[in-house]
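Written below as structure tokens is the structure these notes are about.
Values below: all heavy atoms of this structure, side chains included; hydrogens, waters and symmetry mates excluded. Within every chain, numbering begins at 1; the chains are lettered A, B, ... in the order of the sequence lines, protein sequences first and strands thereafter.
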Amino acid sequence: MSPGKTKSVDLEKTRKTLNKNLNSTVKNFKSDLDSMMESIQSISHWSNVLQDTNSLGLVNEIFMDSYMSIDFSSMALYKYADTALRSALENSLNWIYFSNHPVEFGWWKTGDEWFLPMGSHPWGRGYEYFKLLIGDTRVAPIFDKPQQGRKTVSVAGVYSELSKSSHSNSLKMQTAGGELSPTYDAGRFKEFRDRIRDVLSLVNAIMILVFQDEFGKMNKLDKKGVTSVLLPEHEAILKSMRRL
Amino acid sequence: MSNVPVDYRSQLLSGLWIPNILKFSDMLGPRTGNKHYKVLSLASTDNEHLEVRNLVQNGLVFKKKDIHLWTYTHLKALRLVDSGCRVMAPSRYENTLTQNPQSVEAEFPFQIINLDFVSQDMSLESGRAEREIESIEATFRLQSENAQKPHCGFSIAYTTLLDSLPINCYDLIQRLNSHHRDGWSGILTKDFPPDALPSAVKTETIQRLLTVMAVKYGYHVLGFEGLLVGDVYSIVVGAK
């Protein structure tokens, strides 16, 4: 092997490809990227009013998950973008769960396996925990998998879609299309753009429902930052429940 | 519509902050090459950290790692990463200090504190100035409770916007008095107007409240100086 051809050189070469992809994404989707970066700031707004929750430290992780998902997608790393976005969604739900479960949070922080017996999850089947916490059946479309003929963006639906990337569904593979190196694909970027919009709308809608007092205490700017990422269908549900 | 001059920070730096911080620093004791001043500054990435450059140029800070920059969003915090300074919790200062001061307690005390709330995106609504002032009360508390021995002094600059809304002194004083301190009898509401307005009354109220807070936490007020730039009011207090 010649001295120049080391593995680190290969990585640098890949970095050049990623930068090329980034340039293509910025050139074609600059306003979408700006809007995505603006919308992830909605997470920061919650950290202002949830200062006294035990699990506040998770907010940084949620932000970075979201930020990195945008970063990955801009470089055409679409599968990894989905994986990071799924982590953002999971950590957001964890943040809510742990804010009411300080003991479990303590276990989780030390890496303990605190989960319930095999096959069950503290969130419950079909996100039952969150539905009970919110205490209103009108919230079901936000969590349940959309029934045929209905297209509400829900946690179950989005989670399932993002999991296809995490579990390397054949259509979501990074090398789908036969390309080994990450290749810019406008269609896949658009899919990701829609997914991050869905995730942020879901997260903020659930946060409004769970932390209604804290949402009420938000200043106008933060409140606007949070409500501006809501999809019309989620906004309608919140309005029907008089939470907006 | 409030008048916030674009260059208000540079005006405050040359006309108020640096001269007064230098003056109070001299009163606090001689500065030597070995003496590190630890600085806390609310920072917006849009102003190129003017105050940081000026503090370094004037010999008040020797190492950037002694400067703690506080910003209120994660994106701004990320932009500050290569500043060489320590970047603190991305949240609004007033929220953290009043709701969760223990999360930043370990960073205190500081010798220079620059709380320029105008540099952050302010939400112009009722209760804004009251929250800012309450967070300054928490700042004095953290400074005092974490002071090294001997009890060290510090300079604190508070910068706010004098908008058309009054400062609700009655509610504010009740909140300030709710923070108990042994031997402290509390602030009397009758000594303050119920609603501080117009600007002259506001600035006087702010001056008096800041000096009262210093005394509450066992500090001797070395002096204070205020300056109005447009509708931006800034006051520097020296406490020992």
For this session: Assess whether side-chain contact (heavy atoms from CB on, under 4.5 Å) is satisfied between A:L221 and B:E125, documenting all intermediate values.
Result: CA-CA 10 Å; A:L221 281 177; B:E125 59 193 276; over 6 Å; no
For this session: Locate the shortest heavy-atom distance separating A:S47 from B:P90; write the atom from each residue and the value.
Result: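 Closest pair (atom of A:S47, atom of B:P90, distance): OG-O, 3.5 Å.
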Problem set entry | Contact summary for B:L78 and A:F63, nearest pair of heavy atoms |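 For B:L78 and A:F63, the tightest heavy-atom pair comes out as CD1-CE2, 3.8 Å.
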Tell me which donor-acceptor pairs under 3.5 Å the side chains of residues 81-89 of chain A have, and how far apart each pair is, sequence neighbours excluded?
{"residue": "A:D82", "atom": "OD1", "partner": "A:R195", "partner atom": "NE", "Å": "3.0"}
{"residue": "A:D82", "atom": "OD1", "partner": "A:R195", "partner atom": "NH2", "Å": "3.2"}
{"residue": "A:D82", "atom": "OD2", "partner": "A:S165", "partner atom": "OG", "Å": "2.7"}
{"residue": "A:D82", "atom": "OD2", "partner": "A:R195", "partner atom": "NH2", "Å": "3.0"}
{"residue": "A:T83", "atom": "OG1", "partner": "A:K79", "partner atom": "O", "Å": "3.0"}
{"residue": "A:R86", "atom": "NH1", "partner": "A:S163", "partner atom": "OG", "Å": "2.8"}
{"residue": "A:S87", "atom": "OG", "partner": "A:D65", "partner atom": "OD2", "Å": "2.8"}
{"residue": "A:S87", "atom": "OG", "partner": "A:N91", "partner atom": "ND2", "Å": "3.4"}

Problem set entry | Separation between OG of B:S91 and CD of A:Q51, rounded to the nearest 0.5 Å |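 Going from OG on B:S91 over to CD on A:Q51, the span is 4.0 Å.
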For this session: Would you mind telling me which of A:D52, A:N60, A:V49 has the largest number of heavy-atom pairs within less than 4.5 Å of chain B?
Result: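 Option with the greatest count: A:N60.
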For this session: Against chain A, work out which of B:T98, B:T96, B:L124 has the most heavy-atom pairs shorter than 4.5 Å and name it.
Result: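 With the most close heavy-atom pairs to chain A, the winner is B:T96.
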For this session: Check whether more than 12 heavy atoms from other residues, nucleotides or ligands sit under 6.0 Å from atom CZ of B:R181, and answer yes or no.
Result: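 Correct, the count exceeds 12.
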For this session: Output the residues of residues 33-44 of chain A for which the shortest heavy-atom distance to chain B is under 4.5 Å, in residue-number order; output 'none' if no such residue exists.
Result: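 Residues in range: A:M37, A:Q41, A:S44.
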For this session: Sorted by first residue and then second, give each side-chain hydrogen bond (donor to acceptor under 3.5 Å, both in side chains) pair with at least one member in residues 215-225 of chain A; sequence neighbours left out.
Result: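 Pairs touching residues 215-225 of chain A that pass the test: A:H45-A:D222, A:N48-A:D222, A:D222-B:R92.
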Problem set entry | All side chain to side chain contact (heavy atoms under 4.5 Å, CB included) counterparts of A:T17, not counting sequence neighbours |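 With neighbours one apart ignored, the set is A:N21, A:S181.
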